[in-house]
Amino acid sequence: MVPVFTSVERLALFAGVCAWASTTVEDLVQLLPAGARALVDPLGPRMFMLDAVALRAAGKAGEKHVGG
């Protein structure tokens, strides 16, 4: 499980002042190690989990759908 955050403020609630980087969901899916999941905003009111395998599969299905 890899914690990720939707804002610098959410990150600060979790880790305090620290270095950070910004990315897109598409890039995040590629950056997650095989089998890892992203826990989005762990201390936030709407925490949720992203499964990289499911997102990759959905992206490939969308590519097939768009391409014909």
Taking all non-hydrogen atoms of both residues into account, name the closest pair between R10 and P45 and its distance.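 The answer is NH2-CD, 3.5 Å.
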P42 and M47: which non-hydrogen atoms are nearest, and at how many Å?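 Heavy atoms of P42 and M47 come nearest at O-SD, 3.3 Å.
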Distance (rounded to the nearest 0.5 Å) between L28 CG and L50 CG: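 Between L28 CG and L50 CG, I get 6.5 Å after rounding to 0.5 Å.
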Residues clustering with F14 (ILVMFWY side chains joined when closer than 4.5 Å, directly or via others):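 Besides F14, the cluster holds F5, V8, L11, W20, L43.
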Side-chain heavy atoms under 4.5 angstrom apart, residues restricted to Ile, Leu, Val, Met, Phe, Trp, Tyr: same cluster for V40 and M49?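 Hydrophobic grouping puts V40 apart from M49.
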Do you reckon L32 sits in the same ILVMFWY cluster as V25, going by side-chain contacts under 4.5 Å, direct or chained?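 They do share one cluster, since a chain of ILVMFWY contacts under 4.5 Å joins L32 to V25.
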Hey, could you give me each pair passing salt bridge (Lys or Arg N to Asp or Glu O under 4.0 Å) that has a residue in residues 17-44? Not counting sequence neighbours.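 Listed once each, the pairs are R37-D51.
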Taking only residues at least two apart or on different chains, which pairs with a member in residues 29-51 satisfy ring pair (Phe, Tyr, Trp, His ring centres under 6.0 Å)?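 Listed once each, the pairs would be none.
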